[in-house]
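Every heavy atom of this structure was used, including side-chain atoms; hydrogens, water molecules and symmetry mates were not. We count residues from 1, following the sequence as given. We count ligands from 1, going down the list as the structure has it; atoms in each ligand are counted the same way.
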Amino acid sequence: MSDNRALIDRLEKEGELSKDELIALISSYSSEDRAYAASRARAVSLRIFGNKIYFRGLIEISNYCKNDCYYCGIRKSNKNAERYRLSPEDILQCCRYGYEAGFRTFVLQGGEDPWWTDERMATLIKKIKAEFSECAVTLSLGERSRESYQILFDAGADRYLLRHETADPCHYKKLHPECQTLENRMRCLKDLIDIGYQTGCGCMVGSPYQTAAQLSEDLICMKKLRPQMIGIGPFIPHKYTPFKDFPAGSVEDTLFLLSLIRLMHPHVLLPATTALGTAMEDGREQGILAGANVVMPNISPYEARKRYMLYDKKVDASSDSLKSRLVLQEKIEAIGYEVVTDRGDYREE
Ligand code: SAH
């Protein structure tokens, strides 16, 4: 048995490895090792979730952003971005449409748009929960104060996605301007967990300047936070950002990391992300076969989808959302999985 297989087996058994072991595994795995990790991770997912895949309806509520992340297409300095903001009524319409299509979780994601005050957001969350009482509401609105997170939680929000982006403060500085700090990002994650949100962290794979040691740190950071959700996807350059000339992150690395994450966190809600589906034609199906159990189809109106461009050539950005949902469902069924109409909460039993 190769050393890497032995490491993968131990990761499954013990749920962790040392930093040096993780670095060795990430920097030397072969395609056979990746297939092996995927088969182990898939078996874990099947044991915990059966062949069921949870769908979340993603609504991109605004591409106004006060931040300036160097990788992101909706950063404030991108003067070419056509800005838009959905109204609360537009968002409720998306939920109505999504509910009919079988979604029981709505994910409201956006840039850090000051128009969305706590009051406006809390009012919207209450309206969604009043109309769709059996649905979960997930927020992904970036960094806010603890008080703000508490207000939105009290209004009925169930979950919050906030990728930590990179667990290494020096790498964080290379991806963000000085005023955005890893310290505040981690403060936010701790507050969210403390308040009682089902919380998601995560990172890009292959972001500029990233090393295997930093990816290992990301895995260790995830283990320490013990989040309910983990989102990872390959970095994809956007033509109007400072990182336009950097190469995209590797799909293989992303798939391998998905498998390692599944082995480390058997119960975690792990999406096969849009970025993975953009980087490779059947990326989301491959993600499921590597251990993912969640897919987040875009249910934003067409005008919003084509403007919420975090990176170039984002999938789902142009096609009709009902049609792309059905196509995705068929593809998932073709690999032997079933899409379920379920809130899909985190469970440990
Ligand atoms: N404003 C929110 C939502 C950000 S968009 C927040 O700060 O959390 C969601 C995720 O998309 C980000 O966390 C980032 O990891 C990812 N992303 C942004 N630009 C990207 C790019 N160029 N390639 C791949 N993923 C990207």
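Interface of Leu162 with ligand 1, defined as ligand atoms under 4.0 Å from a residue heavy atom, comprises 8 (O). Close approach to Arg163 involves these atoms of ligand 1, each under 4.0 Å from a residue heavy atom: 13 (O), 14 (C), 15 (O), 16 (C).
A donor-acceptor contact closer than 3.5 angstrom links the side chains of Arg262 and Ser45. With hydrogens and angles left out, the side-chain atoms of Arg146 and Gln150 include no donor and acceptor closer than 3.5 Å.
A heavy-atom separation below 4.0 Å is not found between His238 and ligand 1.
Note on Met204 and Leu310: separate hydrophobic clusters, where clusters join Ile, Leu, Val, Met, Phe, Trp and Tyr whose side-chain heavy atoms are under 4.5 Å apart, directly or indirectly.
Counting only non-hydrogen atoms, the option in Cys203, Gly110, Cys201 that gets closest to atom 1 (N) of ligand 1 is Gly110.
Using bins of under 30°, 30° to 60° and over 60° for the plane-to-plane angle, the ring pair Phe243/Phe246 lands in the perpendicular bin.
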Full working for ring pair (Phe, Tyr, Trp, His ring centres under 6.0 Å) between Phe235 and Tyr311: CA-CA 8 Å; Phe235 160 74; Tyr311 41 79; 8.9 Å; no

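For Gln109, every heavy-atom contact with ligand 1 shorter than 4.0 Å involves the side chain, none the backbone. Under 4.0 angstrom from ligand 1, the non-hydrogen atoms of Pro234 all belong to its backbone. Residue contacts with ligand 1, taken as heavy atom pairs separated by less than 4.0 Å, do not involve Glu60 at all.
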